[in-house]
Amino acid sequence: MDLRLAVYQLASAHALDAQQTRQLQEVAGFQREPARLAYWLPRGVAVLGAALLGMGLICWVAANWEDLGRMGRFALLQGVFAAACVGAFAVPKARIPLLLMALLAIGGLFAYFGQTYQTGADPWQLFALWAVLALPLCLVARSDVLWTPWMLVLATAAALWMQAHARHSWRIDSADLSIFVSGWLAVLLACAFVSPLLARWTGAGSWALRLGLVLATILITGTAVSALFGNEIESPYWAGLGLLAVAAVLLATRRYFDVFGLSAVALGINTLLVGGLTHVLFNGHGDGVGALAMLGLLAAVLLALTVQGILWRTRQEAS
């Protein structure tokens with residue numbers, strides 16, 4: 001329960017006057033500075049400032065495209081990257097925000113390089129190279145401030161790779177199953193890399209893992225559900241359902257338990273199961289109203305069972 005709401009309920013239940021309510025609020029600590037505010041506020045502002053500077057650099061180069069020469073743009077982007085790396089080495093307290101700015105500068109440099117020389121490289125190659133070159137920065141920073149955007153870059157590279165190599169970019173085909181599974185496994189392996197299993201070496205926290213699990217679930221679920229639009233339930237559907245089921249089992253174990261990640265994966269499994277039921281019920285050419293009612297009932301029961309299972313596992317872990 002929210003502490004402020006609990007205080008108001010106590011004041012209402014005991015008919016406290018204004019002075020007594022203020023005293024109760026003081027006891028609850030409403031007038032005190034939040035715990036560790038002095039620690040987190042400057043760090044949060046520094047990270048936000050680095051992110052805004054990095055993205056502002058990219059926008060500034062685009063806005064002054066005609067005013068800066070080719071060498072001037074390259075010198076600016078490379079100079080910012082070099083200055084950020086040197087600053088991170090020289091000022092350890094500012095290492096994380098400066099390395100974040102360096103990571104964003106790498107993306108801006110590759111984007112400008114691709115626009116300038118038109119090398120013909122697929123977009124996924126630029127994102128993959130960005131993820132590879134940013135990996136040492138993440139290992140040095142040992143913080144989710146860098147691991148989280150790194151996960152986003154890598155997942156984007158995997159999605160673009162799947163789109164570039166699939167035979168039909170507009171539909172899902174079983175012949176492309178190996179491509180889809182490879183892309184899914186790339187994101188899931190990245191999640192394993194930033195998981196607590198390797199946290200001793202990577203320094204990654206929970207946010208990079210959670211973002212990776214959400215992105216992997218979206219990627220797998222979107223691809224697997226799209227396979228249901230064919231005449232038959234294609235093998236990508238079953239492969240996606242199997243991978244999410246394995247991920248859910250691992251996240252439910254004591255060693256890898258994470259309620260956020262488990263909830264995201266469970267939502268993906270629910271989506272796939274409801275999609276499969278929809279495919280079966282509405283391809284039978286039966287009563288549409290009856291099929292819709294049955295689908296709604298089964299979806300509600302499935303969701304209720306999933307929520308109860310996650311709550312039971314969370315209580316078990318807390319005890």
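Computed over heavy atoms, backbone and side chain alike; hydrogens, waters and symmetry mates excluded.
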| task | State, with a plain yes or no, whether a side-chain heavy atom of Leu213 is found less than 4.5 Å away from one of Leu209. | result | yes
Distance-only donor-acceptor hits, side chain of residues 191-206, under 3.5 Å, sequence neighbours excluded:
residue	atom	partner	partner atom	Å
Ser195	OG	Ala192	O	2.6
Ser195	OG	Leu197	N	3.4
Thr202	OG1	Leu198	O	3.1
Thr202	OG1	Ala204	N	3.3

| Is there a path of hydrophobic side-chain contacts, each under 4.5 Å between heavy atoms of I, L, V, M, F, W or Y residues, that connects Leu137 with Val132? | no
| query | Who pairs with Trp184 by ring pair (Phe, Tyr, Trp, His ring centres under 6.0 Å), at least two apart in sequence or on another chain? | reply | none
| When rounded to the nearest 0.5 angstrom, what distance separates CE in Met162 from CD1 in Ile179? | 8.5 Å
| query | Should Phe127 and Leu185 be counted in the same cluster of Ile, Leu, Val, Met, Phe, Trp and Tyr side chains packed under 4.5 Å apart? | reply | yes
| message | I want to check something: taking the side chain as every heavy atom from C-beta on, are Ile96 and Leu146 in contact at a cut-off of under 4.5 Å? | response | yes
| For Ala227 against Pro236, the heavy-atom pair lying closest together | CB-CB, 4.1 Å
| said: For residues Leu273 and Val265: do they belong to one hydrophobic cluster (side chain heavy atoms under 4.5 Å, members Ile, Leu, Val, Met, Phe, Trp, Tyr)? | reply: yes
| said: Test your reading of the model: is there a side-chain donor-acceptor pair from Thr223 to the backbone of Ile220, 3.5 Å cut-off? | reply: no
| note | Sequence neighbours excluded, the answer for salt bridge (charged side-chain N to carboxylate O under 4.0 Å, His left out) partners of Arg95 is none
| Is the closest side-chain heavy-atom distance between Tyr237 and Leu272 below 4.5 Å? | yes
| request: Of all the heavy-atom pairs spanning Trp150 and Cys138, show the shortest one and how long it is. | output: CB-SG, 3.7 Å
| message | Could you work out, with side chain to side chain contact (heavy atoms under 4.5 Å, CB included) as the rule, every residue matching Ser182, not counting sequence neighbours? | response | Trp161
| request: Taking all heavy atoms of Val187 and all of Leu154, pick out the closest pair and write down the distance. | output: CA-CD2, 4.3 Å
| Once you round to the nearest 0.5 Å, how far does CD1 of Ile310 lie from CG of Leu305? | 11.5 Å
| field | Heavy-atom pair of closest approach, residues Gly268 and Leu244 | value | C-CD1, 3.9 Å
| request: Would you sort out whether Val307 and Leu303 count as a side-chain contact (heavy atoms from CB on, under 4.5 Å), showing the intermediate values? | output: CA-CA 6 Å; Val307 171; Leu303 180 61; 4.3 Å; yes
| task | Examine Leu250 and Leu219 and state if one hydrophobic cluster contains both, with Ile, Leu, Val, Met, Phe, Trp and Tyr joined whenever side-chain heavy atoms are less than 4.5 Å apart. | result | no
| note | Across all chains, not counting sequence neighbours, the side chain to side chain contact (heavy atoms under 4.5 Å, CB included) partners of Ala164 are Asp122, Trp124
| note | Using a 4.5 Å side-chain heavy-atom cut-off and chaining through intermediate ILVMFWY residues, the residues clustered with Val214 come out as Ile218, Phe260
Could you pull out all donor-acceptor pairs under 3.5 Å where a side-chain atom in residues 97-109 meets a protein atom, sequence neighbours excluded?
none

| note | Applying side chain to side chain contact (heavy atoms under 4.5 Å, CB included) to Val274 and not counting sequence neighbours gives Thr278, Leu295, Ala299, Leu302
| said: With salt bridge (charged side-chain N to carboxylate O under 4.0 Å, His left out) as the rule and sequence neighbours excluded, what pairs involving residues 301-316 come up? | reply: Arg313-Glu317
| said: As a quick check of understanding, evaluate side-chain contact (heavy atoms from CB on, under 4.5 Å) for Trp312 and Thr314, giving each step before the final call. | reply: CA-CA 5 Å; Trp312 172 78; Thr314 303; over 6 Å; no
| remark: Residues pairing under side chain to side chain donor-acceptor pair (under 3.5 Å) where one sits in residues 261-270, two or more places apart or in two chains, turn out to be Asn270-Thr306
| request: Return each pair, listed once, that meets salt bridge (charged side-chain N to carboxylate O under 4.0 Å, His left out) where at least one residue sits in residues 131-151; pairs must be two or more places apart or across chains. | output: none
| Is Leu215 close to Thr156 at the side-chain level, that is, under 4.5 Å between some pair of heavy atoms? | no
| request: Report yes if some heavy atom in the side chain of Leu135 is under 4.5 Å from a heavy atom in the side chain of Trp147; otherwise report no. | output: yes
| said: Please determine whether residues Trp207 and Leu188 belong to a single hydrophobic cluster, defined as Ile, Leu, Val, Met, Phe, Trp and Tyr linked transitively by side-chain heavy-atom distances below 4.5 Å. | reply: no
| remark: Sequence neighbours excluded, the answer for salt bridge (charged side-chain N to carboxylate O under 4.0 Å, His left out) partners of Asp258 is Arg210
